[in-house]
Amino acid sequence: METSNEEQECCGSGCTNCVLDLKPSNHKLPAGLINLFDRTYQRFVCSSIVQLTEHVFRFRLRLEKFSQDGSDDMLNRLIVPPGSHLFLRAPTTDCRTECPAHDKLVLWRQQNPARPSFVDRVPPRALEKYDKNEDDLYFSRPYTPIAYDQEESTFDVLIKMEPGGRMTEYLLTLSLGSPTEWKGVYGDFVWMRNQYQSVVGFVQGVAIAPVYSTMRAILGDEEDYTRLMLCACFRDLQNVLLRDELRSMAGYWNFKYETYLSRRSCSCRQNAEPACACFKNLIKYHEPIYDRRLEANDIERLLVPFSERTNSLLVLLCGTDSFTMFIKSNLAKLRIENCYIF
Ligand SMILES: Cc1cc2nc3c(=O)[nH]c(=O)nc-3n(C[C@H](O)[C@H](O)[C@H](O)COP(=O)(O)OP(=O)(O)OC[C@H]3O[C@@H](n4cnc5c(N)ncnc54)[C@H](O)[C@@H]3O)c2cc1C
């Protein structure tokens with residue numbers, strides 16, 4: 001995901017006194033509610049681990065101190081405002097536990113061995129550590145929940161495993177019941193009901209998370225009439241994320257989406273337009289999935305209906321630098337300036 005200014009300030013050391021906490025959260029909660037995410041690290045137990053694609057896993061985390069007997073203060077709720085992110089921290093020491101890791105994670109590690117130089121090398125520290133009084137007991141990385149459940153005090157994150165990645169190495173040690181430590185919420189994106197008439201999102205891979213969570217929140221608000229269009233890009237059909245979720249969101253009157261694939265999902269070599277017969281067989285009824293890259297003319301086609309009234313349009317972007325630059329250059333051609341990059 002693109003690195004925001006906020007992330008550039010974070011040294012990734014998982015400090016208890018974190019530079020990010022100097023800035024208060026912009027997120028407003030409904031009157032009387034207190035967010036259990038209070039910017040201190042809290043323990044969440046791993047309650048589900050599901051492999052979605054070759055490299056992406058969906059983790060569900062449940063607040064450890066949460067009690068279901070109703071004895072907890074009813075005003076304290078776990079709330080993740082749309083588009084915001086949390087920090088996961090892990091010990092800098094070897095975190096392998098006695099408990100064997102989840103079998104899917106073990107298999108992923110076997111299939112994606114880290115080159116020894118990756119794991120042994122201390123990652124370059126781009127930023128000076130903020131809290132110099134604290135030893136480097138932890139390191140941290142940001143992740144963006146795609147969903148949360150106030151009643152159950154759980155949240156879900158999609159995490160793309162990076163061979164040799166430092167946090168990936170830690171995540172690969174987890175199993176059901178493993179305790180993990182998270183704090184939040186962070187991010188300066190704030191959505192207000194009916195703020196714009198339309199929101200169009202362009203996302204790539206796991207970077208779908210902040211835009212998906214924002215659009216989900218808008219659809220979940222019966223008094224929000226914003227029209228939504230999501231253009232999601234993935235490598236191939238096997239790597240499409242949240243496929244069933246997007247398909248069911250399309251049942252709402254105000255949500256449309258299109259999915260583009262950068263590599264052909266089928267190797268049959270038929271050059272049929274728009275897709276070969278085998279690809280069509282893999283597509284569910286009326287699923288708007290195109291077996292080709294997103295091109296400039298697609299962006300134009302999607303945005304032209306809004307170009308007359310650009311002041312009532314917000315474009316949300318999340319992806320690699322090259323992806324967001326490509327979209328932004330096309331927005332400039334259409335004189336669309338109102339754009340937020342996660
Ligand atoms: C605001 C924000 C929200 C985010 N939300 C999500 C999210 O919801 N889901 C998600 O999956 N990610 C998310 N990310 C990215 C995430 O924070 C991590 O950067 C990602 O998980 C990789 O972390 P890591 O510690 O495993 O890899 P790192 O150790 O940070 O390594 C990063 C990359 O460098 C490579 N690498 C590591 N060591 C070496 C080496 N010695 N030589 C060469 N290459 C090396 C790794 O293979 C990897 O590809 C988000 C990022 C931001 C800024």
Side-chain angles (χ1 to χ4, degrees), residues 1-14 18-20 23 25 27 44 49-61 80-92 95 105 108-109 111-127 136 138-148 155-174 180-189 203-214 216 232 234-235 239 241-242 316-321 323-324 340-342:
M1 273 182 213
E2 168 133 327
T3 309
S4 67
N5 290 338
E6 196 172 72
E7 259 41 74
Q8 285 164 13
E9 293 164 23
C10 172
C11 63
S13 309
C18 173
V19 65
L20 299 179
K23 201 168 120 191
S25 170
H27 302 110
F44 286 79
I49 302 174
V50 179
Q51 184 164 14
L52 299 185
T53 65
E54 188 184 358
H55 297 296
V56 178
F57 287 76
R58 183 174 182 150
F59 290 82
R60 176 162 298 165
L61 291 311
V80 185
S84 62
H85 57 271
L86 309 173
F87 276 87
L88 167 65
R89 80 173 179 186
T92 45
C95 41
L105 296 172
W108 187 90
R109 189 198 281 279
Q111 290 166 347
N112 299 276
R115 276 185 271 150
S117 61
F118 273 29
V119 182
D120 297 342
R121 210 181 80 167
V122 179
R125 168 71 44 84
L127 283 171
D136 271 351
Y138 300 97
F139 64 98
S140 66
R141 296 285 184 272
Y143 294 97
T144 310
I146 51 155
Y148 70 99
F155 67 89
D156 290 21
V157 277
L158 301 183
I159 302 190
K160 178 167 180 257
M161 298 296 175
E162 299 283 357
R166 205 173 177 207
M167 190 57 86
T168 299
E169 283 298 315
Y170 165 73
L171 290 162
L172 290 172
T173 66
L174 300 180
T180 57
E181 292 190 312
W182 298 79
K183 70 169 187 171
V185 290
Y186 299 95
D188 52 15
F189 177 76
V203 300
Q204 185 192 38
V206 78
I208 191 172
V211 179
Y212 170 82
S213 73
T214 303
R216 263 264 48 119
F234 300 97
R235 198 175 66 182
N239 282 285
L241 294 169
L242 302 172
L316 299 177
L317 304 183
C318 198
T320 58
D321 286 351
F323 177 80
T324 53
Y340 184 92
I341 305 180
F342 283 98

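All residue numbers refer to positions in the sequence shown, counting from 1. Each ligand, and each atom within it, is numbered from 1 in the order the structure gives. None of these values were measured; they are calculated from a predicted model.
Remark: ligand 1 atoms within the under-4.0 Å shell around heavy atoms of Ile159 are 11 (O). Every atom of ligand 1 with a heavy atom of Arg166 under 4.0 Å away is listed here by number and element: 24 (P), 25 (O), 26 (O), 27 (O), 28 (P), 29 (O). Of all the atoms in ligand 1, the ones that sit under 4.0 Å from a non-hydrogen atom of Met167 are 24 (P), 25 (O), 26 (O).
Of the possible donor and acceptor atoms, none in the side chain of His27 sits under 3.5 Å from a partner among the backbone N and O of Tyr186.
In this structure, Arg141 CZ and Thr168 OG1 are separated by 8.5 Å, a value rounded to the nearest 0.5 Å.
The nearest non-hydrogen atom to atom 11 (O) of ligand 1, considering only Lys160, Met161, Arg141, Glu162, comes from Lys160.
Residue Pro142 places at least one N or O, backbone or side chain, under 3.5 Å from an N or O of ligand 1. In terms of polar-atom proximity, Pro163 is counted as a contact of ligand 1, with an N or O under 3.5 Å from an N or O of the ligand. Note: an N/O pair closer than 3.5 Å links Leu158 and ligand 1 by distance alone.
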* **Stepwise side-chain contact (heavy atoms from CB on, under 4.5 Å) test for Phe59 and Leu174** => CA-CA 10 Å; Phe59 290 82; Leu174 300 180; 4.1 Å; yes
* Asked: What's the verdict on side-chain contact (heavy atoms from CB on, under 4.5 Å) for Met161 and Asn112, showing C-alpha distance, side-chain angles and the deciding distance?
  -> CA-CA 9 Å; Met161 298 296 175; Asn112 299 276; over 6 Å; no
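Ligand 1 is never approached by Val157 to a heavy-atom distance shorter than 4.0 Å.
Looking at Lys183 and Glu181, no side-chain N of the basic residue comes within less than 4.0 Å of a carboxylate O on the acidic one, giving no salt bridge. Ion pairing between a basic and an acidic side chain is recognised when a charged N comes within 4.0 Å of a carboxylate O; Glu54 and Arg235 show such pairing.
A perpendicular orientation is assigned to the rings of Tyr340 and Phe342, their planes being inclined by more than 60° (bins at 30° and 60°).
With a heavy-atom cut-off of 4.0 Å, His85 touches ligand 1 through its side chain alone.
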